[in-house]
There are 2 protein chains.
Amino acid sequence: MGRWEPDSRGRLQEAALALFAERGFDQVTAAEIAARAGLTERTFFRHFADKREVLFGGSELLRERILTGVTGAPATDGPLEVVAAGLAAAASMLGEFRRDLSLQRQAVIDANPELRERELAKLADYASEVAAALRRRGVGEPRATLAAEAGMAVLRTSLQRWASSPVERSLSAMVQESLGELRAVALGS
Amino acid sequence: MGRWEPDSRGRLQEAALALFAERGFDQVTAAEIAARAGLTERTFFRHFADKREVLFGGSELLRERILTGVTGAPATDGPLEVVAAGLAAAASMLGEFRRDLSLQRQAVIDANPELRERELAKLADYASEVAAALRRRGVGEPRATLAAEAGMAVLRTSLQRWASSPVERSLSAMVQESLGELRAVALGS
């Protein structure tokens with residue numbers, strides 16, 4: 001490999017997800033991922049601290065986007081509108097990813113209890129930070145936590161539907177639609 | 001110890017929670033829990049498969065109660081009313097426990113990332129089973145999953161508020177109240 005490796009990060013992700021799907025996450029090494037991508041192990045570790053980071057690498061950035069969306073919502077917005085602003089920011093980031101890789105990532109996580117628990121913990125962390133941001137805006141409990149957790153349920157279901165939809169649709173539109181579904185549920189329909 | 005040990009299960013739970021709080025879950029053995037309760041290790045293992053079961057022992061029964069509540073809801077009920085029937089069944093079971101022990105249990109779980117992930121996975125499992133029950137009643141997706149996950153958020157926040165409330169109130173009433181809060185959130189207030 002030369003020093004210039006176009007989209008080596010993307011190739012490593014693609015190789016890793018294919019190998020995880022074939023053999024299971026626990027059975028795959030960083031060296032094997034690099035070999036499948038036609039890159040060196042050293043290149044792998046320039047992009048990822050470990051193979052888990054292939055799956056969870058964007059978490060910090062996503063958290064920041066959600067919180068920036070939430071804190072930027074107009075002061076007059078109700079709690080669910082504020083959460084919706086955070087979800088819109090998340091959708092605009094996540095919607096840039098390849099749907100096929102998102103779907104593979106979800107399948108790998110669902111097949112491994114430890115990864116699934118980590119994914120759930122990540123979403124629970126986002127929810128508790130969003131709830132804290134709502135409390136700082138004067139929203140009381142349990143309203144702040146309920147709005148934040150319902151919001152994370154909207155994000156999770158929207159991502160799954162977006163990644164597995166037979167026709168390509170925008171993630172942002174699906175998040176909006178799911179928020180409408182949540183409101184309909186709460187209204188009793 | 002004689003063979004007749006009144007409330008040995010309760011004494012073991014109390015001893016375990018006290019030790020977990022003092023030293024951290026990972027630093028406590030079954031033998032130490034038994035000794036603190038004034039019972040033998042053998043008695044401990046008659047009641048619990050391991051020390052984790054002290055914290056998660058009622059999970060299967062709770063799952064059954066929730067699903068029985070859900071499947072028993074009138075056919076004309078909307079998705080959130082159906083979920084509410086499951087939550088009412090859960091509240092009537094969990095509301096029988098000692099509030100001080102519930103509070104200690106929550107603190108032990110929150111202090112240990114692995115236990116917290118297990119607790120989240122348990123709630124996610126309940127949610128996916130409740131969503132499946134809703135789909136069998138003809139509720140579509142994502143509505144079924146959103147109703148189920150919002151319901152689990154109601155249960156979790158209600159349990160925390162109930163266990164930590166300075167005055168004793170019924171868990172069932174707090175679940176009802178939280179469902180009202182969820183509706184208010186969805187309506188925009």
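Residue numbers start from 1 in every chain, and the chains themselves are labelled A, B, ... in the order their sequence lines are given, proteins ahead of strands.
- When the side chains of ILVMFWY residues are joined at heavy-atom separations under 4.5 Å, either directly or via intervening members, A:Val108 and A:Leu120 end up in two distinct hydrophobic clusters.
- Within a 6.0 Å sphere centred on CD of B:Glu96, other residues, nucleotides and ligands contribute 12 heavy atoms or fewer.
- Rounding to the nearest 0.5 Å places CD of B:Glu141 at 9.5 Å from CD of A:Glu181.
- Atoms CG and CG, on A:Leu182 and B:Leu182 in that order, are 6.5 Å from each other to the nearest 0.5 Å.
- Grouping the Ile, Leu, Val, Met, Phe, Trp and Tyr side chains by contacts below 4.5 angstrom, directly or via other members, places B:Leu103 apart from B:Leu115.
- Interface summary for chain B: among A:Ala127, A:Ala148, A:Gly140, A:Ala124, the most heavy-atom pairs under 4.5 angstrom belong to A:Ala124.
- Your options are A:Arg116, A:Glu81, A:Glu177, A:Met152, and the one with the most heavy-atom pairs under 4.5 Å with chain B is A:Arg116.
- In this structure, B:Leu187 and A:Leu187 approach most closely via the heavy-atom pair CD2-CD2, 3.1 Å.
- Proximity to chain B among residues 49-76 of chain A is not found for any residue, judged by heavy-atom separations below 4.5 angstrom.
- Most heavy-atom pairs under 4.5 Å with chain A: of the set B:Ala150, B:Pro142, B:Ala121, B:Ala147, this distinction falls to B:Pro142.
- Listed in order of number, the residues of residues 155-163 of chain B that approach chain A to under 4.5 Å between heavy atoms are B:Arg156, B:Thr157, B:Arg161.
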